[in-house]
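Below is one structure, written out as structure tokens; the observations come after it.
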Amino acid sequence: MAKIFSGVQPTSIPTLGNYLGAMRNFVTLQDGNECIYCIVDEHAITVPQDPKEIQKNIHNLAALYLAMGIDPKRSILFIQSEVPCHAQLGWIMQCVSYMGELERMTQFKDKSKGKQSVSAGLLTYPPLMAADILLYQTELVPVGADQKQHLELTRDLAERFNKKYGQVFTVPEPYIPPVGARIMSLAEPTKKMSKSDTNRKATIFTLDSEKEILKKIKSATTDDEASIRYDREAKPGVSNLLDIFSLCSGRSVDELVTAYQNKGYGEFKTDVAESVINVLSPIQERYHNLIESDELDEILDEGAEKAYAMAKKTLSESEQALGI
Ligand code: ADP
Ligand code: NA
């Protein structure tokens, strides 16, 4: 049994990439593990957010977590800003971090590139993420490949703190799935699929209608070769669709390549879309029932209370170690 922690930002609706790369594993990891899942709203505000919009997204994300299969009887689900220990240990982690290592983070470089000014929070996002994880003495963190670097920093910060001030934090391991850790944009399959992509055709959102899903997959960028085989370098579009198809159908990529070797891209794409719809439509049905119910707030309040009890203990230990 392992202690698991992970989070998703309430920016827009989670994408198929968020689901296949991370959230689906949150659900399966509930078997036999102690899981804590967070709506990381304090991370979301490192870039400007519309207050009404983020409030709605927090509520929607909570309903989606449950609709995907997070069971509040077995796992803790809560909103980051409702447990003040995150910001408090986040500060301590900032003081343990070096400017240079934060400036070297790929996400910071990507998100600040070409901008006149960015918030200091964008730079100190990784120490806050470290705090999120370390507060719960987490052993395993299920994430997509894009978070690997932040997780390595989390490990470095935990080790640095423990070495300097005494053993306080468990050093966590990443859990990055072998397939699905990097679902690519449908429009530009050399870029990761992202919630914040301005080209709406590039991203499948988990609440997209059947019609939208079919349309987006039908217009996905492929190549002129007209052959269905797996080659991430030469055929990134087709390979991405094969990964999605495999994850959504439970059939291996090899099996799919054999089954579709004499078929055209049109038929292939229709079947990929159908497999995605089969995965997302039961989630959407549960989501629409949950979003109307008032049990959501209760679940989140209870989650915050349980999380607080655990987080407070680690925060106190870290302050004691620091002598503050
Ligand atoms: P985003 O990067 O889409 O804004 P978050 O930062 O909230 O989403 O990430 C939530 C989780 O989804 C993280 O574990 C992240 O690694 C994972 N993730 C994000 N994009 C993808 C993707 N394209 N493929 C696989 N996993 C992803
Ligand atoms: Na991300």
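It should be emphasised that the depicted structure is a prediction, and the values quoted were computed from it without experimental measurement. The basis for the numbers below is simple: all heavy atoms, side chains too, and nothing from hydrogens, waters or symmetry mates. Read the numbers this way: they start at 1 and go in the same order the structure lists the ligands and their atoms.
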With nothing but distance in play, are any N or O atoms of Gly144 less than 3.5 Å from an N or O of ligand 1?
yes
Donor-acceptor pair, distance only, cut-off 3.5 Å: does the side chain of Lys216 make one with the backbone of Thr203?
yes
Lys235 versus Ser227: any side-chain heavy-atom pair under 4.5 Å?
yes
Are any of the heavy atoms in Ser196 under 4.0 Å away from ligand 1?
no
What about the rings of His150 and Phe108, do their centers lie closer together than 6.0 Å?
no
Go through it in stages, so that I can follow the logic: the residues are Lys191 and Asp197, the test is salt bridge (charged side-chain N to carboxylate O under 4.0 Å, His left out), and I'd like the CA-CA distance, side-chain angles, deciding distance and then a yes or no.
CA-CA 10 Å; Lys191 274 182 23 187; Asp197 201 318; 3.8 Å; yes
With nothing but distance in play, are any N or O atoms of Gln147 less than 3.5 Å from an N or O of ligand 1?
no
Within 4.0 Å of some non-hydrogen atom of Ala22, the atoms of ligand 1 are 11 (C), 12 (O), 14 (O)
Tell me, please: is Gly180 in heavy-atom contact with ligand 1, that is, under 4.0 Å?
yes
Polar atom proximity, Gln9 to ligand 1 (N or O, under 3.5 Å)
yes
Quick check: does Gly21 get an N/O under 3.5 Å from an N/O on ligand 1?
no
Please confirm whether Thr15 approaches ligand 1 to less than 4.0 Å, judged on its heavy atoms.
no
Are any of the N/O atoms in Ile183 less than 3.5 Å from those in ligand 1?
yes
Which word best sums up how the rings of His86 and Phe78 line up, parallel for under 30°, tilted for 30 to 60°, or perpendicular for over 60°?
tilted
Could you say whether the N/O atoms of Asn18 and ligand 1 ever approach to under 3.5 Å?
yes
Any heavy-atom pair between the side chains of Trp91 and Thr124 that's under 4.5 Å?
no
Could you check whether any side-chain N or O of Gln137 sits under 3.5 Å from a backbone N or O of Val168, counting only pairs where one atom can act as donor and the other as acceptor?
yes
Show which atoms of ligand 1 fall inside a sub-4.0 Å distance from at least one heavy-atom site of Met193.
20 (N), 22 (C), 23 (N)
Quick one, Ser219 and Leu186 - any side-chain contact, counting heavy atoms below 4.5 Å?
no
Looking only at distances, please establish whether an N/O atom of ligand 1 is found under 3.5 Å from an N/O atom of Lys195.
yes
Do the charged groups of Glu101 and Arg104 touch, with an N to O distance under 4.0 Å?
no
Polar proximity ligand 1 side, Pro142 side, N/O cut 3.5 Å exclusive:
no
Do Ser194 and ligand 1 have an N or O pair less than 3.5 Å apart?
no
